[in-house]
There are 2 protein chains.
Amino acid sequence: MRADARKNYDHLLEIGRDVVAEQGADASMRDVARRAGVGIGTLYRHFPTREALLEALLRGSFDRVTAGAAELAARHDSGAALLAWLRDMVALTHSHRGVIAAMTSAIAAPESALHASCVALRASGAQLLARAQADGKARADIDGTDLLALVSALAWLNDQPPFAERVDRLLDVVARAIMV
Amino acid sequence: MRADARKNYDHLLEIGRDVVAEQGADASMRDVARRAGVGIGTLYRHFPTREALLEALLRGSFDRVTAGAAELAARHDSGAALLAWLRDMVALTHSHRGVIAAMTSAIAAPESALHASCVALRASGAQLLARAQADGKARADIDGTDLLALVSALAWLNDQPPFAERVDRLLDVVARAIMV
DNA sequence: ACCTGAACACCGTTCAAGT
DNA sequence: ACCTGAACACCGTTCAAGT
């Protein structure tokens, strides 16, 4: 990558982070380019789809949660680890309004730039779930996708102003439903 | 209302129903007017906001669920009635993609055309919840807004293709969490 | 190799002009 | 009283022309 291109890429990412934080995952692409002081074509050259930009913005957080799952498994008993992962997931999406919808549709779209990260997240949760199930601490009739669905639903509530303040409590309610 | 206006109103409602069924709650207003063979200004005259159109489209279904709650209370024990109401709510939103997000923001916006219907829906659920709580069949530490949050979250899952097929089962999981 | 911005095909919403 | 559609201020996305 040429030096000027690298500079544009990095700057777009930085500005993109601000704009998505302000406006959510459906932020105006034009606005990102404008604020970055760059032609709209330059944005599309570096990030050919909105999901490509989101993926670049979120990769770090995604990886942190995925990697954190292994750590949780090492440090806590299977029930506590699963609960902590659920909290991590809700927190991850809390800081990025609207991202959960993008993640959800990425799960069903193998060509999406977000697909791999989402599958990895699901796998990290599925592993904690399996361990809890083996210990008899989680109900046996749900799978990793069910777990992702439930945590996505809670994350969505977190994006809805009238419900956001209740999500911590509702997470406990749902967790107890999973925990047998 | 003048006869020609009445005709336009009814026709817009009919076409609006089709378009929202096809494209969801964020359907193109322009498209509704276009397909109804009417100027865009005429659509805005009859339905000054998108929510006004949605409200007119959904009022009937809303009232049916609200009224149905009283019937459920009369016909079933408190636990079964609450569960049936949860199913009614998910079914209501299932037939109208994206409507749940509109309902959710309407709860927090008293000036929204959808506000009254949503408050009535919440109240109908809250009543069934209170009855079940009095019978010791539902946990005492949740309220009507929590119930609406949980059912909204499930309804949102119903709009997400990768999760939609699991919602019936996940409803049971969540219901068991509520039911003590 | 990369950047630019005009161009295209759309939006939601308003409002002056018409009947 | 009601209808119309041009007008305004936006989008996302593409691509020919430039450096």
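All values reported here derive from a predicted model rather than from experimental measurement. Within every chain, numbering begins at 1; the chains are lettered A, B, ... in the order of the sequence lines, protein sequences first and strands thereafter. In what follows, every heavy atom counts, from backbone to side chain, and hydrogens, waters and symmetry copies are set aside.
Counting only distance, with no hydrogens or angles, the side chain of B:Arg169 and the backbone of A:Asp141 share a donor-acceptor pair below 3.5 Å. The closest donor-acceptor contact from the side chain of A:Asp146 to the backbone of A:Asp143 lies under 3.5 Å. A donor-acceptor contact shorter than 3.5 Å is absent between the side chain of B:Glu14 and the backbone of B:Ala36.
Taking atom CG of B:Asp26 as the reference point, atom P of C:dC11 lies 12 Å away to the nearest angstrom. Nucleotide C:dT19 holds its C1' atom 13 Å from the CZ atom of B:Arg45, rounded to whole Å. Summarising the geometry, the separation between OH on A:Tyr9 and C1' on C:dA1 is reported as 17 Å, rounded to the nearest angstrom. Atom OH of A:Tyr44 and atom C1' of D:dC11 are 9 Å apart (whole Å). Between B:Ile40 atom CD1 and C:dT14 atom C1' the separation is 11 Å, expressed in whole Å. Between A:Asp31 atom CG and D:dT13 atom C1' there is a gap of 16 Å when expressed in whole angstrom units. If you take CE of A:Met29 and P of C:dG5, they are 19 Å apart, rounded to a whole angstrom. Atom CZ in A:Arg30 sits about 7 Å away from atom C1' in D:dC11, given to the nearest Å.
Here B:Ala27 lies in heavy-atom contact (under 4.0 Å) with sugar-phosphate atoms only. Across all strands, A:Arg6 comes closer than 4.0 Å to no nucleic acid atom at all (heavy-atom distances). B:Thr42 comes within contact range of at least one nucleobase, with a heavy-atom separation under 4.0 Å.
Checking C:dA7 for Watson-Crick or G-U wobble geometry (two distances, each under 3.5 Å) identifies D:dT13 as its partner. Nucleotide C:dG18 is matched to D:dC2 when pairs are restricted to Watson-Crick or G-U wobble geometry with both distances under 3.5 angstrom.
Residue A:Ser28 places no side-chain N or O under 4.0 Å from the OP1 or OP2 atom of D:dC10. Taking only side-chain nitrogens and oxygens, A:Arg34 never comes nearer than 4.0 Å to OP1 or OP2 of C:dG5. Between A:Asn8 and C:dC2 there is no side-chain polar atom (N or O) within less than 4.0 angstrom of OP1 or OP2. Within the structure, every side-chain polar atom (N or O) of A:His46 is placed at least 4.0 Å from both OP1 and OP2 of C:dC2. Distances shown here put a side-chain N or O of A:Arg50 below 4.0 Å from the OP1 or OP2 atom of D:dG12. Applying the 4.0 Å criterion to OP1 and OP2 of C:dC2, one finds that A:Arg2 has every side-chain N and O outside that range.
Atom NE2 of A:His94 is surrounded by 12 or fewer heavy atoms from other residues, nucleotides or ligands within 6.0 Å.
Of the candidates D:dT13, D:dC3, C:dC2, C:dC2 carries the atom nearest the A:Ala5 side chain, counting heavy atoms from C-beta on.
Remark: B:Thr93 OG1 to B:Leu121 CG distance equals 10.0 Å, nearest 0.5 Å.
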